[in-house]
Amino acid sequence: MSERMKVDARGAFCPGPLMELIAALKLIEVGDEVELLSTDEGTAKDVPVWCDKVGHELVSSENSDDHWSLIIRKSK
Amino acid sequence: MTTNILIVGGGLSGTIIANGLCRRLGKQLRRGEVAITMIGTSDTHMYQPGLLYVPFGKFRESELFRDQRKVLDRRVPYFVDPATKIDAESKSVTTQSGKVLKYDYLVIATGSRIVPQSIPGMAEGAHWFYDLDGARKMRDALDAFEGGKIVVNVNAPHKCPVAPLEITFMLYDYLTERGLMDKTEITYTYPIGRLHALEPVAQWAQPEMDRVGIKYETFFNTKEVHPEDKTIESEEGVTLPYDMLVTIPPHMGAEVITDSDLGAGGWVPTDKTKLTREGSTDIFVCGDTTNIPISKAGSTAHFEADVVVENLTSLITEDRWAKDYDGKVFCFIETGMNNGTYVWFNYATPPNPGPPTQMIHWFKLAYNRLYWLSAKGLL
Ligand SMILES: Cc1cc2nc3c(=O)[nH]c(=O)nc-3n(C[C@H](O)[C@H](O)[C@H](O)COP(=O)(O)OP(=O)(O)OC[C@H]3O[C@@H](n4cnc5c(N)ncnc54)[C@H](O)[C@@H]3O)c2cc1C
């Protein structure tokens, strides 16, 4: 079973959700996941672009009323 | 019955908290109802922002340090005896010398540290200014530098979000002054898709770099440094050659945090308004070592420390919480050797920096001196 780490970056302007995600991925094993919560509109675009560049898997991206929830699997 | 407050870490936030508590709890300290103890790693207290100037020979090393016991209120006994284990269950901290210190309230203020060794080749191939030894070596390398490719490489996570931009523009000014800029190419790399975490700062920095001809590479997360062929390679698949590599290495929290199983990477899961360790009401966490997703900076540490002082005082004297932390961060930004600007924000208000002015630059230089007043709790 893969583990999932939750990173609540809602209301975070600096260093911001993507940087929090990058830092969190350093702390988990390949195959494990990060659930990233963000209120920043840019995150929903930036995170998939970055995952694609690096080769991590974007498992899901959901938009609820006031925030985005993205699940990323560390792939390398 | 004495209420024992133990502060682990004698850096900026630990010191502000200790001194603030002494002012608020003078009567209780005198009557022996409260005792405050601090443990740290060194007899001296270092003014970290001063490290930024060391590579350029613009800050005397002796000015970086003060005697920690002189910065600290004399009512707080200070022991150079680092914590090796924090046990929240038994409410005790074990130290390097083998002592076991019991507490009623614990303040964890152990900061963050650079871990260049976590990236292959980085410790051997790169320069940095985030500790004194590194800043000295970078000063020597800059002295000997005669032109070539400089890469300023930023890694996540790191403290002081503005230092990478500051060092880049200061390098540009320094090399221009030495007449070396026409033989030099500076490339700045950043982990995310813009030049700075703060969007308005990134928007300001990009045209500024374009104007002076500083190159940049975004979405650059360091995979490996190859000192033998002087290249740096990113996870994203880009390789850059360098003659001099200046890095902001990735950071972790203190070893005692991971050794005590208090948080992955040394970052303690912390309630973002109460500043208590998640799941504890007797452990406060302050400064760089929290896992709160905001800037790891001196101003964050300062504003958080003020909240911890108020709440600890109220809990001890009135058994109630006094104040929430609102996420406030304030940063001066050096935008060259003679210019500066500032930015502030909190959990609810986005940042919006003004244009750089000479005046703000002088204010930052003054702040460099005012730090000690702030640590003493006088600001
Ligand atoms: C080059 C540079 C430039 C900077 N510029 C700025 C700036 O312009 N503006 C700004 O706001 N911030 C700046 N900062 C950041 C700022 O210095 C830190 O964010 C701030 O010091 C954090 O305070 P702290 O109390 O959390 O940690 P620190 O001040 O780092 O204190 C942590 C203390 O804990 C001690 N410790 C660690 N482990 C143990 C242990 N096991 N037992 C006991 N003690 C322990 C350490 O020795 C240290 O004294 C800069 C930092 C650097 C390196």
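Nothing here was measured: the structure is a model prediction, and the numbers come from that model. In what follows, chains are A, B, ... by sequence order, proteins preceding strands, each numbered from 1.
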* Are the side chains of A:Trp50 and B:Glu236 in touch, meaning some heavy atoms are under 4.5 Å apart? -> yes
* Structure fact -> From the list B:Ser234, B:Pro191, B:Gly193, the residue making the most non-hydrogen contacts under 4.5 Å with chain A is B:Pro191
* Step by step, would you call B:Glu235 with A:Lys53 a salt bridge (Lys or Arg N to Asp or Glu O under 4.0 Å)? -> CA-CA 8 Å; B:Glu235 294 281 1; A:Lys53 267 180 186 283; over 6 Å; no
* **For chain B, the option from A:Ala9, A:Ala24, A:Pro15, A:Pro17 that forms the most heavy-atom pairs under 4.5 Å** =>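 Highest number of pairs under 4.5 Å: A:Pro15.
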Which atoms of [X] are under 4.5 Å from chain A, going by heavy atoms: the side chain, the backbone, both sets, or neither?
{"X": "B:Pro161", "answer": "side chain"}
{"X": "B:Thr349", "answer": "backbone"}
{"X": "B:Lys272", "answer": "side chain"}
{"X": "B:Tyr190", "answer": "side chain"}

As an exercise, state the distance from [atom1] of [X] to [atom2] of [Y], rounded to the nearest 0.5 Å.
{"X": "A:Asp52", "Y": "B:Phe219", "atom1": "CG", "atom2": "CZ", "answer": "10.5 Å"}
{"X": "A:Phe13", "Y": "B:Glu199", "atom1": "CZ", "atom2": "CD", "answer": "10.5 Å"}
{"X": "A:Asp8", "Y": "B:Asn291", "atom1": "CG", "atom2": "CG", "answer": "9.5 Å"}

* To do: For A:Glu20 and B:Pro293, work out which heavy atoms get closest and say how close.
  => OE2-CA, 3.0 Å
* Asked: Which of these, A:Leu21, A:Val49, A:Asp46, A:Ile22, sits in a side-chain contact (heavy atoms from CB on, under 4.5 Å) with B:Ile192?
  ->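 The residue from A:Leu21, A:Val49, A:Asp46, A:Ile22 that satisfies side-chain contact (heavy atoms from CB on, under 4.5 Å) with B:Ile192 turns out to be A:Ile22.
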* **Donor-acceptor contact present, side-chain A:Lys26 to main-chain B:Gly265, <3.5 Å** =>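 It does not hold such a pair.
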